[in-house]
Amino acid sequence: LEGPRQKRPFLAKECETLPEAEKWRVEVVREVAKKVSMIQNEGLAEHRIRDLNDQINKLLREKFHWENRILELGGPDYAKIAPKVDDDTALEVVP
């Protein structure tokens, strides 16, 4: 996994190993975090906020695909171990 920077596969199904799938999931999570911090900038124009929101939503869908691939490859079920969030308040919900 070391060496020259690789481009993330377009489809998670193209990834054949668990460590590589984990690496790509972490990369997606980092991108989401970076864009979420950008969207919180009060000085952003509305169109830029909408663009960032669209990008975040696309990345979250991609994260879901990586998590499914990780599960297929025998890794952890991130959907089960992730904290649950209440959409109305955006607060973490304890089951």
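- Between Gln6 and Trp24 there is a side-chain heavy-atom pair separated by less than 4.5 Å.
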Worksheet item: Can you check salt bridge (charged side-chain N to carboxylate O under 4.0 Å, His left out) on Glu67 and Lys63, steps first, answer last?
Response: CA-CA 6 Å; Glu67 289 174 353; Lys63 178 176 152 269; 3.4 Å; yes

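- The side-chain hydrogen bond (donor to acceptor under 3.5 Å, both in side chains) check on Lys34 picks up nothing, with sequence neighbours excluded.
- Under a hydrophobic-cluster definition in which Ile, Leu, Val, Met, Phe, Trp and Tyr are linked whenever side-chain heavy atoms come within less than 4.5 Å, directly or via other members, Phe64 and Val26 are assigned to different clusters.
- In this structure, the side chain of Arg69 engages the main chain of Cys15 through a donor-acceptor pair within 3.5 Å.
- Salt bridge status for Glu46 with Arg50: present, with a side-chain N to carboxylate O gap under 4.0 Å.
- To the nearest 0.5 Å, the span separating CD on Glu42 from CD1 on Ile49 amounts to 9.5 Å.
- The minimum heavy-atom distance between Val28 and Leu59, with the atom names listed, is CG1-O, 3.3 Å.
- A salt bridge does not link Lys58 with Glu62: every distance from a Lys NZ or Arg NE/NH1/NH2 to an Asp or Glu carboxylate oxygen is 4.0 Å or more.
- Cluster partners of Ile81 are Leu18, Ile70, Leu73, Tyr78, counting Ile, Leu, Val, Met, Phe, Trp and Tyr whose side-chain heavy atoms approach within less than 4.5 Å, directly or via other members.
- Distance check, rounded to the nearest 0.5 Å: CZ of Arg8 to CD of Glu14 gives 12.5 Å.
- For the atom pair Lys13 NZ and Trp66 CH2, the distance stands at 11.0 Å (nearest 0.5 Å).
- Note that the CD atom of Gln55 and the CG atom of Leu60 stand 12.0 Å from one another [nearest 0.5 Å].
- Between Ile39 and Val36, the shortest heavy-atom distance links the atoms CG2-O, 3.1 Å.
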